[in-house]
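Beneath this line is the structure, given in structure tokens, with notes to follow.
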Amino acid sequence: MSALVLLTPDAPDGRIADPEAPQLLVTDLGVVRGDGIFETLLAVGGRPLQLEAHLDRLASSAEALDLTLPDGAHWRAAIETGLAEFARRHGDGEAMIRLVGTRGVDAAGPPTCWVYLQPVPAGNRELRDRGLDVVLLDRGYSSEAASVAPWLLLGSKTTSYAVNMAALRYAHRQGADDAVFVSSDGRVLEGPTSTVLIARTRDGVRELVTPLLRSGILAGTTQGALFATAEPAGWQLGYGPLTPEDLIGNDGVWLASSVRLLAPIRSVDGRQIPVSAELTDELTELLLTATRR
Ligand code: PLP
């Protein structure tokens, strides 16, 4: 139920490979050390959404890791090949596309790069409709960590996601659906796989607010796309700093990400917060307008 395209030195635009067969060497540094980067994006009707934003972020993650990866033209070609193969196998339903680039088996040699496409995991729509119960989890770093310790790679999308997955498992063990990281100095950061978005009304003006980028969070392509269309639609835009209290007393809070889109939060550490289906629909429509461009 998937498709795979490998980008190799002799096939820089990618060649189709068998997603069910072993493809990686056990010495690949991406596996051994989590030394690599990735992007996850959605394709609808055979068209990848926000492709350029994802390729830009892939390039900035690569730069942060001193990784030399194929340029955008090769990734675009490989994605196109992958989408055609995915459509041949599954029709043109929604696809989740993962771009991965690792340091390869030898830091001096070529990176290992691939494009993997699979159907969108089930359950996203139910969570979007029902709303998420989240727990706040201390990330253990201050909101200054990204600038004083750039080697932590806090704003990069590295394949070292074991911490993010552990946070999700921890949240699930508490009976929650997801988590929101908080810095050691009490700032709201992001979800393990999502950006936090708040809607509030001040003096009759509707505002969309997201945490400060320089607090060590990933620059979300979903948040970026939504902000681009929300402003001309009359929303005022704001960038943190936000504290946990800001999650409670406002018009709505969402976790935004490329595949799940906007999932409203309905409780934070067991405290109920307002969920407005109308606001979710309005913002999702603005987001989809942006991604259709
Ligand atoms: N923050 C983190 C840590 C993420 O892993 C993700 C997506 O996976 C996001 C934010 C949201 O980014 P995007 O909207 O580009 O999917």
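Counting starts at 1 for both ligands and their atoms, following the listed order.
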Out of curiosity, is [X] lining ligand 1, as in a heavy atom under 4.0 Å away?
| X | value |
| --- | --- |
| Thr40 | no |
| Lys157 | yes |
| Gly191 | yes |
| Gln50 | no |

Exercise for review: Using modelled atom types only, decide if a donor and an acceptor are shared between the side chain of Thr280 and the backbone of Ser276 within a distance under 3.5 Å.
Suggested key: yes
Review point. Side chain of Thr221, backbone of His54: donor and acceptor closer than 3.5 Å?
Key: no
Decide whether an N or O pair under 3.5 Å exists between [X] and ligand 1.
| X | result |
| --- | --- |
| Ser258 | yes |
| Ser257 | no |
| Asn164 | no |
| Gln223 | no |

Just to confirm my output: which protein heavy-atom neighbour is closest to [atom], and how far is it?
| atom | value |
| --- | --- |
| atom 14 (O) of ligand 1 | Thr222 OG1, 2.5 Å |
| atom 12 (O) of ligand 1 | Arg57 NH1, 3.5 Å |
| atom 15 (O) of ligand 1 | Thr221 OG1, 2.6 Å |
| atom 1 (N) of ligand 1 | Glu190 OE1, 2.9 Å |

Mark up the atoms of ligand 1 that fall under 4.0 Å of a heavy atom belonging to [X], in ascending order.
| X | value |
| --- | --- |
| Tyr161 | 2 (C), 3 (C), 4 (C), 5 (O) |
| Ala256 | 11 (C) |
| Gly220 | 12 (O), 14 (O), 15 (O) |
| Ser194 | 1 (N), 2 (C), 4 (C), 6 (C), 9 (C), 10 (C), 11 (C) |

For the student: nearest non-hydrogen atoms of [X] and [Y], plus distance:
| X | Y | result |
| --- | --- | --- |
| Ala107 | Leu29 | N-CD1, 4.0 Å |
| Ala145 | Leu152 | CB-CD1, 4.2 Å |
| Leu189 | Val196 | O-CG2, 4.2 Å |

Exercise for review: Taking the side chain as every heavy atom from C-beta outward, state whether Leu262 and Leu287 have any atom pair closer than 4.5 Å.
Suggested key: yes
Exercise for review: Answer yes or no: is there a side-chain heavy-atom contact under 4.5 Å between Arg214 and Leu154?
Suggested key: no
Review point. Roughly how far, to the nearest 0.5 Å, is CZ of Arg169 from CG of Asn164?
Key: 10.5 Å
Check your understanding: Do Ser142 and Asp185 meet the criterion of a side-chain donor-acceptor pair at a distance under 3.5 Å?
Key -> no
Review point. Does one hydrophobic cluster hold both Val134 and Leu197, with members joined at side-chain heavy-atom distances below 4.5 Å?
Key: no
